[in-house]
Amino acid sequence: MAPKRALRLYNTLGRRVEELRTHQPGKVGMYCCGPTVYEYQHIGNFRTYILEDVLRRALTALGYEVRHVMNVTDVGHLTDDADEGDDKMLQSARREGKSAWDIAAFYTEQFFRDSRALNILEPHVVARATNHIDEMIELIERLESAKLTYEANGNVFYDVAGFDRYGELALLDRQDLRAGARIDVDSSKRNPEDFGLWFTRSKFERQEMLWDSPWGRGYPGWHIECSAMAMKYLGETVDIHCGGIDHVPVHHTNEIAQSEGAIGLSSHSDRRWVSHWCHGEFLIIDSAKMSKSKGNLVRIDQLVEQGYEPLDYRYFVLGAHYRKQQNFTAASLEAARSARLNLVDRLASLASEVGEAGAVDEQLAGADGEAHPLYQEALELAASDLSMPRVLEVLWRLAKEASGPAVDLLAGAAAIDGILGLGLVEAARRTAAERDVAAGAPLDGEIRALVDQREKARQEGDYATADRIRDDLAARGVELQDTPEGVRWRQQASV
RNA sequence: GGCGCCGUACCCAAGUGGUAAGGGAGAGGUCUGCAAAACCUUUAUGCACCGGUUCGAUUCCGGUCGGCGCCUCCA
């Protein structure tokens, strides 16, 4: 089945926006580079995962059938140098005698916990590297038969000299690279660009995860897992491959070399292993890249400790285009939180207009949000290289300017939010339900009593007492409104 | 040294060869005992700077300055 509308997406290979052409009509196989589970994922990492989630949601909204595969790099070393720093998890794990396997399981769990909190849909296939050692070995054997490998010093390397299109994705031929400028080049390599496929000589002292292989007991190189798992779950043609922009020069460049080398695609072939490469730009914090070495990592749970909702961060991310660096500051996150709350607030008013809590569900179920013109506008913007800032703008227009029956507006908002993934309508329904309770018979007798007390004080002219009670209630999230019809109160939007 | 990206209001941030979205924050107003909320109004003749192309440039080209990223295991 063909999609309703084709997605136009920037392709790193070729550096321009292209209409997505899929291997099978209407079906998209997307492979995303997932986390390395030996540390917490920070909010910069999650910017990329949010991009991938939005891509998937946009594809789905456009009518594509999506198969989303993500790897989890859990091949771990637990070496002495990995223990440096003040990572409490690693230190305690070591104290308690936990293995690399335990640690990987721990961080994998953390990753998916944060992902869920950010409304990131779980990939259809989550592939753990340690479950695919056999596939990696087979792939290395294929490369061996293709004469693209050599052994040196006990390790198996990929020989980039045998792959004539090496570096095409990153335009490496246009660069005057300084091999070894930052990291020492392994002297056993023939070319600095060569990379390890299988190691039997570990540079790590305390290697915990080891497997038997035709080249001896050891462990796989990093890049091979993605090639092997992508091929296993998506076949020899991948429609979209995603990752952070930092993966372009090395990881993805090497993946292409491995995969196309194994498949046997040469520069004479028009066919590519991956037809569309999609990369997310970096999050910048205090005018610098977020990295462990700079010590400026921020995690989702730290934002939560500061009183933010994970979805505030998602809103923040959606406010900038994925191909531009985005600067994270306390002020910009605060602005995103206010904006999201205001949006929920407006949608909650619409929900109240639709009716009582139960009726909202029923009415929404009967409405066709995708029929709303503003949804169509949003979908078109999503199809235009994932222009989420503009989709947000359309949603704001829907929430504050559009006219029509409240249920149609709300249904349209729900449809747009299906692309954004902000959980706005869900939050609005919850907020509206709380307000319904407030407007009718309050469940909390204590609050009712305080409201009555304040009214009495006001009538007696004791405004000091009245204001004190109002402040007390505000601290509990209860907002009072004195209207000509009398006092009303409601729960603040806080979801 | 090479490669790539970027510089838009107080902040974040869209965008286009034809005269600058949206959000946050601030200001004024209506309402109020005072507030809050809501609603209304409001904040860039200007898009780093200098040239060029053009009827017309924030948008295209060149240069300058500034910022960020990458140059081999970092989303």
Side-chain angles (χ1 to χ4, degrees), chain A residues 15 32-36 41-52 73 160 167 170-186 189 191-196 203 221-223 242-251 253-254 279-284 287-294 315-316 318-321 323-343 345-346 349 381 387-397 400 458-459 461-464 466-467 470-471 473-474 479-484 488-490 492:
Chain A
R15 314 273 159 136
C32 302
C33 284
T36 298
Q41 295 290 291
H42 53 70
I43 60 176
N45 300 121
F46 277 108
R47 184 183 182 200
T48 299
Y49 298 122
I50 290 170
L51 157 67
E52 291 158 358
T73 302
V160 301
L171 309 176
L172 291 185
D173 55 333
R174 280 163 56 177
Q175 301 187 20
D176 177 20
L177 297 180
R178 289 185 166 179
R182 205 166 57 92
I183 291 174
D184 289 341
V185 175
D186 184 335
K189 289 185 191 176
N191 281 304
E193 291 85 4
D194 292 346
F195 53 93
K203 56 183 170 181
W222 176 43
H223 313 296
C242 308
I245 195 160
D246 55 321
H247 279 159
V248 174
V250 181
H251 183 51
T253 288
N254 291 348
H279 293 100
E281 251 295 355
F282 271 122
L283 182 76
I284 301 299
S287 299
K289 174 183 168 182
M290 186 176 294
S291 69
K292 196 170 187 177
S293 57
K294 285 180 181 152
Y315 187 101
F316 164 81
L318 263 22
H321 190 83
R323 280 196 284 122
K324 275 183 124 178
Q325 290 178 352
Q326 183 177 19
N327 199 19
F328 179 86
T329 63
S332 56
L333 181 63
E334 188 60 42
R337 184 210 347 229
S338 295
R340 190 180 68 86
L341 254 30
N342 287 159
L343 203 44
D345 206 61
R346 284 175 182 278
S349 298
L381 289 168
S387 299
M388 291 306 126
R390 300 170 74 186
V391 171
L392 274 178
E393 184 251 312
V394 171
L395 182 57
W396 272 99
R397 239 192 297 149
K400 61 189 286 196
R458 283 183 72 207
Q459 271 154 28
D462 182 4
Y463 296 120
D467 290 351
R470 186 178 64 202
D471 292 344
L473 287 169
E479 218 165 58
L480 295 184
Q481 300 168 51
D482 298 327
T483 71
R488 281 164 54 178
W489 61 287
R490 67 175 193 181
Q492 277 173 336

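Quick note on labels: first sequence line is chain A, next is B, and so on, each numbered from 1.
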At 4.0 Å (heavy atoms only), tell me whether A:H42 reaches a base, stays on the sugar-phosphate, or touches nothing. base
How long is the line joining CG of A:N191 and P of B:U72, in whole Å? 14 Å
Checking side chain to side chain contact (heavy atoms under 4.5 Å, CB included) for the pair A:L283/A:F46: CA distance, chi angles, key distance, verdict? CA-CA 9 Å; A:L283 182 76; A:F46 277 108; over 6 Å; no
Rounded to the nearest 0.5 angstrom, the CG-CE distance for A:L51 and A:M388 is 9.0 Å
Would a distance-only check, ignoring hydrogens and angles, find a side-chain to backbone donor-acceptor pair under 3.5 Å from A:E52 to A:G280? no
Atom pair distance, as rounded to whole Å: NE2 in A:H279 and C1' in B:C74: 13 Å
Base partner of B:U19, which must satisfy Watson-Crick or wobble distances under 3.5 Å: none
Give a yes or no answer on whether the side chain of A:T253 reaches the backbone of A:P249 with a donor-acceptor pair at less than 3.5 Å. yes
Measure from the side chain of A:D345, starting at C-beta and using heavy atoms only, and say which of B:A38, B:C39, B:C70 lies closest. B:A38
Would you indicate what A:L395 reaches in the nucleic acid, counting non-hydrogen atoms under 4.0 angstrom: base, sugar-phosphate, or nothing? nothing
Which nucleotide wins on minimum distance to the side chain of A:W222, given the candidates B:G69, B:G15, B:C74? B:C74
Suppose you measure atom P in B:A9 against the same atom in B:C5; what distance do you get, rounded to whole Å? 22 Å
Protein-nucleotide distance (A:R337, atom CZ; B:C12, atom P), rounded to Å: 18 Å
For the CG atom of A:L343 and the CH2 atom of A:W396, what is their distance to the nearest 0.5 Å? 5.0 Å
P atoms of B:G67 and B:U8, separation to the nearest Å: 14 Å
Minimum heavy-atom distance between A:N327 and A:I284, given as atom pair plus value: OD1-O, 3.0 Å
To the closest 0.5 Å, what do you measure between CZ (A:R346) and CG (A:L395)? 11.0 Å
What is the distance, rounded to the nearest whole Å, between atom CG of A:D467 and atom C1' of B:A36? 10 Å
Assuming nearest nucleotide by heavy-atom distance, tell me which of A:I245 and A:R15 is located more 5' along RNA chain B. A:R15
Report which part of the nucleic acid A:D194 touches: base, sugar-phosphate, or nothing (heavy-atom distance under 4.0 Å, all strands). nothing
I need the NE2-C1' distance between A:H247 and B:G69, as an integer number of Å. 14 Å
Test side chain to side chain contact (heavy atoms under 4.5 Å, CB included) on A:Y49 and A:Q41 and set out the steps. CA-CA 10 Å; A:Y49 298 122; A:Q41 295 290 291; 3.3 Å; yes
Residue matched to B:U45 through Watson-Crick or wobble contacts both under 3.5 angstrom: none
Within the structure shown, what part of the strands sits under 4.0 Å from A:H321 by heavy-atom distance: base, sugar-phosphate, or nothing? sugar-phosphate
Is any side-chain N or O of A:R323 under 3.5 Å from a base N or O of B:C6, one able to act as donor and the other as acceptor? no
Which one is paired to B:U30, where only Watson-Crick or G-U wobble pairs with both distances under 3.5 angstrom count? B:A38
Integer angstrom distance from the C1' of B:A35 to that of B:A44: 34 Å
Can you say whether a donor on the side chain of A:N327 sits under 3.5 Å from an acceptor on the base of B:G67, or the other way round? no
Between B:U58 and B:A21, how far apart are the two P atoms, rounded to whole Å? 16 Å
Check the distance between B:A21's C1' and A:R390's CZ and give it to me in whole angstrom. 8 Å
Enter the distance from A:E281:CD to A:K324:NZ here, rounded to the nearest 0.5 Å. 10.5 Å
Rounded C1' spacing from B:A48 to B:G7 in Å: 6 Å
If you assign each of A:Y49 and A:N254 to its closest nucleotide in RNA chain B, which residue comes earlier from the 5' end? A:N254
Of the listed nucleotides (B:C12, B:C6, B:A13), which one gets closest to any side-chain atom of A:P389? B:A13
Base-pairing assignment for B:G4 (Watson-Crick or G-U wobble, both under 3.5 Å): B:C68
Parallel, tilted or perpendicular: which one describes the rings of A:H251 and A:H223, with boundaries at 30° and 60°? tilted
Confirm from the modelled atom types if A:R470 and B:A35 form a donor-acceptor pair under 3.5 Å, side chain to base only. yes
Is B:U59 paired to anything, Watson-Crick or G-U wobble with both distances less than 3.5 Å, and if yes, which nucleotide? none
Same-atom distance (C1') from B:U53 to B:C40, integer angstrom: 46 Å
Got a list of protein N/O to nucleotides 22-29 of chain B N/O distances below 3.5 Å?
unit_1: B:G23; atom_1: OP1; unit_2: A:K400; atom_2: NZ; d: 2.6
unit_1: B:G24; atom_1: OP1; unit_2: A:N342; atom_2: OD1; d: 2.6

OP1 or OP2 of B:G7 under 4.0 Å from side-chain N/O of A:K324: yes
What is the distance, to the nearest angstrom, from the CZ atom on A:R47 to the P atom on B:A13? 9 Å
Select one nucleotide: of B:G33, B:A14, B:U72, the one nearest the side-chain heavy atoms of A:V250. B:U72
Select one nucleotide: of B:A14, B:G69, B:U72, the one nearest the side-chain heavy atoms of A:Q325. B:G69
Rounded distance (Å) that lies between atom C1' of B:C11 and atom CZ of A:F316: 12 Å
Of B:G69, B:A13, B:G33, the nucleotide closest to the side chain of A:F282 is B:G69
Using the C1' atom in both, what is the distance from B:A36 to B:C11, to the nearest Å? 25 Å
To the nearest 0.5 Å, tell me how far A:C33 SG sits from A:H279 NE2. 7.5 Å
With a 4.0 Å cutoff (strictly under), does any side-chain N or O of A:R346 reach OP1 or OP2 of B:A37? no
Which whole number of Å gives the distance between the P atom of B:A27 and that of B:G33? 23 Å
